Amino acid sequence: KKKLLVVTPPQDYDDSYAIAHARRNDGCIVTNDLYRDYLEKQSGELKKEAKSWVKTHNISFAFVGDQFLPNPDFSFPPPQPPS
């Protein structure tokens, strides 16, 4: 049985969970969230790297009527080797 929805604890910061899970699994995130608050928490070189990752791994989307339309201009980043 696959879990398609993961609920984060209400007192925790859900952006951190989504980003950490996507990074660990070499995935992308379908979202219109720009993660500005997440990026504000980062500093120095980590902030620069996080901003780059968010930009290349977030797939924005729209609904046209009842049709889901992921960003047609999105290109998946090359796979990362396992760490």
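What you are looking at is a predicted structure, and each value in this text was computed from that prediction instead of being measured.
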Residue pair [X] / [Y]: nearest heavy atoms and the distance that separates them:
X     : Y     : result
Ile29 : Ala18 : CD1-O, 3.7 Å
Ile59 : Asn71 : CG2-N, 4.2 Å
Val54 : Leu34 : CG1-O, 4.0 Å

CG on Asp15 to CG on Leu39, rounded to 0.5 Å: 9.0 Å
ILVMFWY network linking Val30 to Val64, side-chain heavy atoms under 4.5 angstrom: no
Greater than 12 external heavy atoms within 6.0 Å of Phe76's CZ: no
Whether Trp53 and His57 hold their rings parallel, tilted or perpendicular, with breakpoints at 30° and 60°: parallel
Pairs satisfying side-chain hydrogen bond (donor to acceptor under 3.5 Å, both in side chains), at least one member in residues 27-48, at least two apart: Tyr13-Asp37
Asp26 side-chain N/O to Gln80 backbone N/O, donor-acceptor pair under 3.5 Å: yes
Residue list, side chain to side chain donor-acceptor pair (under 3.5 Å) with Asp66, at least two apart or on another chain: none
Pairwise side-chain contact, Tyr17 with Pro9, heavy-atom cut-off 4.5 Å (strictly under): yes
